[in-house]
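First listed ligand is number 1; within each ligand, the first listed atom is number 1. As the structure is a computational prediction, the values presented were derived from the model and not from experiment. Sequential numbering from 1 along the given sequence is applied to the chain's residues.
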Amino acid sequence: MNSVFAALPTTVFETMSRLAREHDAVNLGQGFPDDPGPLDVREKAAEAVVNGWNQYPPMMGAPELRRAVAAHYRDWQGLDLDPENEVMVTSGATEAIAGALFALIEPGDEVVLFQPLYDAYLPLVQRAGGVARLVRLVPPGWRITEEALAQAFSPRTRLVLFNNPHNPTGRVFDSDELELLARFCQRSGAVLVSDEVWEHVVFDGLVHRSVLSLPGMRERAVKIGSAGKIFGMTGWKVGFVCAAPELMRVLSKAHQFLTFTTPPSLQQAVAYGLGKDPGWFDAMRAGLQRSRDRLAAGLADLGFSVLPSAGTYFLNVDLAPLDARLRDEAFCRLLVERHGVAAIPVSAFYAEQPVVSVIRFCFAKTDATLDRALERLAGFFAAREAGLATLHAYK
Ligand SMILES: Cc1ncc(COP(=O)(O)O)c(C=O)c1O
């Protein structure tokens, strides 16, 4: 058996989902929306299954979709991508990430990663033989600093696996941080692989900036996107990889023997969806921003210390101001078991030196779901007032 996968424990995501089911909890742990996704896009997929081509599509992706991806990123992010040589379709961002690691590193190469990190990253880096060098981001700012990068980069750094907008912190890194990272990549000769699946889910008028637009990075960056996140249909697993032709040639070799293709009907539907009126994307963001604000206001009213969320489906609360002794994992167990609300402890996103005072809630839910969660969370504060909360028993 392979030691990387054999050693992986049951994830906290699985544990929390099981507890949520057992306790009939409102599940704000898992990151998927209540909304079923745009009807016209789903109808396109259905139509394509019934009347379209259901055999292997081209390995690089349906030409319509590759053209739609290039046009979409031109219109939304000012990128100039050649759909023939610089765009590839994958089975979700996860396949794109695995493929990029398999294609771009050799055993022993160092890979810089940012904690808290998306759960798939580290096992995939290790399975590809990479040696992880971790940059630790901390609340409340979760900022990337020159000092932290200087510690993580070395002459052996070959790749940086980056995520922006960032899950679980909800941060959208600013231009100073992005340009700093680009300078480090250039200095060490590393390729920057950027997981930008949350690119459309940004709030307060923010504009997503892709790594491909950073000075000096057009030839040494790989941009990864996901239709599942753009359209709020996380089960679709249609991803996009964009990179200069020299990188793409190697990336496509890994993809060829991982999944080779992605269901053609979904590719057709996503090609249609990416061309939707800009108003649809603006309304999608506005709706999620409203949900973010509803949950943030409700949590703050209860007495939680809410950290800012500039993007993604997630917002975090810092438990330290409530009680410096609280630990995120124990607190999440208390919430789900005693009060019927599931959240995710952010320490689960650290491989070492975890931050243990922050918990993550998903706000991509109906108002009724968010309100029900808030009512139940009020039960925690009432019990605490009455001295009934057995918080410390959960440590
Ligand atoms: C940062 C990040 N990357 C990748 C993914 C997975 O994307 P996909 O479903 O397209 O594989 C997620 C899903 O939550 C994510 O948050």
Side-chain angles (χ1 to χ4, degrees), residues 11-14 16-17 27-35 37 41 45 61 65 69 72 87-102 111 113-125 135 137 142 160-173 192-202 208 210-211 222-242 251 254-255 258-259 261-263 266-267 269-270 273-274 288 309-316 343-344 346 348-351 360-365:
T11 68
V12 73
F13 304 94
E14 288 172 60
M16 283 299 156
S17 288
N27 194 346
L28 302 189
Q30 282 179 329
F32 61 85
D34 276 350
D35 188 277
V41 179
L65 179 52
V69 169
H72 187 82
V87 179
M88 179 171 74
V89 179
T90 57
S91 290
T94 311
E95 192 231 340
I97 294 162
L101 291 166
F102 294 162
V111 177
L113 300 143
F114 295 80
Q115 300 190 96
L117 34 77
Y118 182 63
D119 59 355
Y121 292 174
L122 192 57
L124 289 174
V125 165
V135 176
L137 305 179
W142 312 105
V160 177
L161 182 49
F162 185 53
N163 171 217
N164 185 39
H166 188 256
N167 173 16
T169 65
R171 266 221 77 202
V172 174
F173 296 101
L192 177 54
V193 176
S194 184
D195 174 346
E196 302 183 3
V197 300
W198 297 103
E199 58 201 340
H200 265 295
V201 189
V202 291
H208 174 73
S210 173
V211 291
V222 177
K223 169 183 172 60
I224 293 173
S226 171
K229 296 297 188 289
I230 296 177
F231 298 107
M233 298 190 285
T234 58
W236 271 30
K237 300 297 256 185
V238 179
F240 329 120
V241 184
C242 304
L251 293 167
H255 166 66
L258 267 173
T259 61
T261 56
T262 299
L266 298 185
Q267 294 197 47
V270 171
L274 289 175
L288 285 164
S309 163
T312 75
Y313 293 161
F314 309 110
L315 66 75
N316 295 291
I344 298 290
V346 166
F349 297 86
Y350 286 79
R360 188 194 80 173
F361 292 101
C362 173
F363 55 74
K365 305 290 171 187

Please write down residue, atom name and distance for the protein heavy atom closest to atom 7 (O) of ligand 1. Ala93 CB, 3.6 Å
Counting from 1, what ligand 1 atoms have a heavy atom of Gly92 closer than 4.0 Å? 10 (O), 11 (O)
Polar atom proximity, Ser226 to ligand 1 (N or O, under 3.5 Å): yes
Atom 6 (C) of ligand 1 sits nearest the protein heavy atom Tyr118 OH, 3.3 Å
Is the NZ or CZ atom of Lys365 both under 6.0 Å from the centre of the six-membered ring of Phe32 and within 45° of that ring's axis? yes
Min side-chain heavy-atom separation Ser210-Glu196 under 4.5 Å: yes
Straight-line distance of Tyr313 OH to Trp198 CH2, nearest 0.5 Å: 5.0 Å
Within a distance under 4.0 Å of any heavy atom of Lys237, pick out the atoms of ligand 1 and give their elements. 8 (P), 9 (O), 11 (O)
Show which atoms of ligand 1 fall inside a sub-4.0 Å distance from at least one heavy-atom site of Asn167. 16 (O)
Once rounded to the nearest 0.5 Å, what's the spacing between atom CD of Glu199 and atom OG of Ser226? 9.0 Å
With Phe114 as reference, evaluate Phe173, Phe162, Phe349, Tyr121 under the ring-ring contact (aromatic ring centres under 6.0 Å, His included) test and give the passing residue. Phe162
What I want to know is whether Asn163 and ligand 1 share at least one N or O pair that is separated by under 3.5 angstrom. no
Looking at ligand 1, would Trp236 count as a contact under a 4.0 Å heavy-atom criterion? no
Would you say Lys229 contacts ligand 1, with heavy atoms under 4.0 Å as the rule? yes
